[in-house]
**Q** 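Below is one structure. I have some questions about it.
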Amino acid sequence: MSLPPQLRKVAPTVWELPVSYKDGMLVPARIIATEGLLAGMEAGVFEQTANVACLPGILKYAYCMPDGHWGYGFPIGGVAAMDPTSGVISPGGIGFDINCGMRLVLTTLTEEEVRPRLRQLVDLMFARIPTGVGCTGFVRCSRSEFRQVLEKGSHWCREKGYAWPEDLEMTEEGGCFGGADPDAVSDKATLRGFDQIGTLGSGNHYCEIQVARPENIFDAATARSFGITIPNQVVVMFHCGSRGFGHQVATDYLQSFLRVMTTKYGIQLPDRELACAPFRSPEGQAYFAAMKCAVNMGFANRQVILYRLREVFSQIFHRSPEELGMRMVYDVAHNTAKLERHLVDGTLREVLVHRKGATRAFGPGMAGIPACYRETGQPVIIGGSMETGSYLLAGEAGAAATFFTTAHGSGRTMSRHQAKKMVRGQKLLGEMEQRGIYVRTDSWGGLAEEAGFAYKDIDLVTAATEEAGLSRRVVKLVPMGNIKG
DNA sequence: ATGTGC
């Protein structure tokens, strides 16, 4: 595939499309990638990042991260910071799965201890953590109780005994975005979401047993600070979001914005999928308040999954979760919009940062991250494909360039449809088992869609974020067992 | 991603 001729290299890992590239661009578009990753990007990534640069109030640049690929409106990997006074909020810049994110949990077990009981462990995980489209959880939640979940996120979990106090500290924003308003949420969204707390879902959502092997440690001091202290230490990583609830919130407000964007606010954009409303408008504020409900639902969802996970490990290894050292390293979202303070042209100001398939990566010394990570920078959890491995990174000062944002995962290289044509789920499962990875799934087609070859090389993506100064590699985590929807 | 497609 040929790159747009207007694309200019402005730094070894920064590629820029000028405002002259497309009518309506207000700022240049910047792709963060190595030459190799850039060459593999779909044409849609350049078009969509340039489209994002047309959104009213966008500051500095429209960005796409090295794992970027084609998405709804924005590319997945898209980052856009808006002036909250004159700018817009766009659901396409956050994604349908609001607060899709990653959580990483430690154990003090080693690969040698877990390997003999791996099948038993993964089987019990699969039995206790609901997976698949439309799955529901064990938490019984009335409508009024669900409002509490939406307002409080992980705090609700703590009140109900599903969280350790320290879990909240180890969650981005303490596991709760303030200002969530359940009245901004449709009944339809509530109806889809109230029974989905503590469920994994489908697609690329999974829960994985991983091992930190000594040869995969890049930064030993930071690894120690993050709790990786034992050779061949076993950890658990999982990836999921706000399920049908967040999806319905996104759908509701995309429709609402499409009705008013042009007629009421006179906004013209190159793509309907960029539907947006002025951030300060009633519609924009309602979406922001509803989006925060979905963010909090996502945090609560991952917290209840952790509660179940602790039960599962405790049952298999006959020790309490505390004795098994099942502490959280961190929980970090990659589909949100948030008001943050950033330096823009030398002035510290409040901006609305959209991150869609992009992870907040606060660097060393910054406020807003747990005190224990103040010197290292924020842990960044990057999920790879279930075959190739994942990474734990640390936020770097250089991420100031991207409003303190880095990549979120591998990024697809082919469509789900294409992947499914190339491999059968049963065959893939057999091959993975040969390589010591035990997988349980309730969808063979879904498994095939997640094959390693359908994703960019996670080693190259994380190396690119390091070269760009956004985040540094701490440890690569290799899969042992996986449950997926 | 998603009661997978109005």
Side-chain angles (χ1 to χ4, degrees), chain A residues 44 48 67-78 90-103 130-137 141 146 185-207 238-256 258-259 272-273 275 287 290-291 293-295 297-299 301-302 305 333-337 354-359 383 385-386 408-412 414-421 425 441-450 454-455 483-485:
Chain A
Q48 290 193 317
D67 52 338
H69 57 111
W70 187 86
Y72 182 92
F74 280 55
I76 292 155
S90 175
I94 292 146
F96 277 91
D97 190 8
I98 297 165
N99 193 9
C100 189
M102 307 291 308
R103 185 172 287 218
T131 60
V133 179
C135 63
T136 55
C141 201
F146 192 61
V185 167
S186 70
D187 288 347
K188 201 173 175 183
T190 295
L191 212 61
R192 282 182 71 171
F194 80 98
D195 58 356
Q196 292 189 320
I197 301 166
T199 64
L200 210 46
S202 65
N204 62 358
H205 290 166
Y206 63 85
C207 179
F238 56 96
H239 176 219
C240 62
S242 54
R243 309 279 289 104
F245 179 77
H247 191 276
Q248 190 61 47
V249 169
T251 304
D252 290 340
Y253 280 93
L254 276 166
Q255 283 170 2
S256 139
L258 277 171
R259 281 194 297 270
R272 273 170 58 88
E273 293 184 357
Y287 170 63
M291 183 215 74
C293 290
V295 165
M297 156 66 183
F299 284 137
N301 188 28
R302 291 197 288 274
I305 289 175
H334 49 233
N335 283 6
T336 64
H354 294 69
R355 297 188 178 96
K356 189 227 198 127
T359 313
S385 82
M386 60 191 176
H408 85 304
S410 293
R412 297 195 77 87
M414 64 178 73
S415 70
R416 299 182 169 279
H417 183 70
Q418 204 179 341
K420 246 196 294 211
K421 282 196 301 192
T441 177
D442 55 18
S443 165
W444 293 116
L447 187 73
E449 289 174 357
E450 299 305 312
Y455 282 90
I483 64 168
K484 66 172 301 303

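Naming: A, B, ... by sequence-line order, numbering from 1 per chain.
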**Q** Does A/S202 place a side-chain N or O at less than 4.0 Å from the phosphate oxygens OP1/OP2 of B/dT2?
**A** yes
**Q** In whole Å, I'd like the distance from the NE2 atom of A/H205 to the C1' atom of B/dT4.
**A** 14 Å
**Q** How many Å lie between NZ on A/K484 and C1' on B/dT2, as a whole number?
**A** 14 Å
**Q** What's the CZ-P distance between A/F96 and B/dT2, to the nearest Å?
**A** 12 Å
**Q** I'd like to check the side chain to side chain contact (heavy atoms under 4.5 Å, CB included) partners of A/Q196; sequence neighbours left out, ordered by chain and number.
**A**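 Testing A/Q196 for side chain to side chain contact (heavy atoms under 4.5 Å, CB included), a comparison that skips the adjacent residues, returns A/T199, A/R243, A/M297.
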**Q** Could you tell me the separation between the CG atom of A/L254 and the P atom of B/dT2, rounded to a whole number of Å?
**A**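 For the pair A/L254 CG and B/dT2 P, the rounded distance is 16 Å.
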**Q** Whole-Å distance between B/dT4 P and A/R243 CZ?
**A**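 Whole-Å distance recorded here is 11 Å.
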**Q** Within the 4.0 Å heavy-atom criterion, would you say A/K188 contacts the bases, only the backbone, or no part of the nucleic acid?
**A**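 Since a base atom lies under 4.0 Å of A/K188, the category is base.
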**Q** Have a look at A/Q196 and say if it touches a base, only the backbone sugar-phosphate, or nothing, with a 4.0 Å heavy-atom cut-off.
**A**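 Answer is sugar-phosphate: A/Q196 comes under 4.0 Å of backbone atoms only.
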**Q** Starting at CD of A/E449 and ending at P of B/dT2, how long is that distance when rounded to a whole Å?
**A**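 Taking CD of A/E449 and P of B/dT2, I get 12 Å after rounding.
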**Q** Nearest whole Å is fine: how far is B/dT4 P from A/Q248 CD?
**A**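 From A/Q248 CD to B/dT4 P: 12 Å.
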**Q** Verify side chain to side chain donor-acceptor pair (under 3.5 Å) between A/H408 and A/H239, making sure each step is shown before the conclusion.
**A** CA-CA 11 Å; A/H408 85 304; A/H239 176 219; 6.0 Å; no
**Q** Can you sort out the partners of A/T136 under side chain to side chain contact (heavy atoms under 4.5 Å, CB included), two or more places apart, ordered by chain and number?
**A**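 A/D195.
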**Q** Rounded to whole Å, please give me the gap between CD1 in A/I76 and P in B/dT2.
**A**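 Distance, rounded to whole Å: 13 Å.
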**Q** Mind checking the CD1-OH spacing from A/I98 to A/Y253? Nearest 0.5 Å is all I need.
**A** 10.0 Å
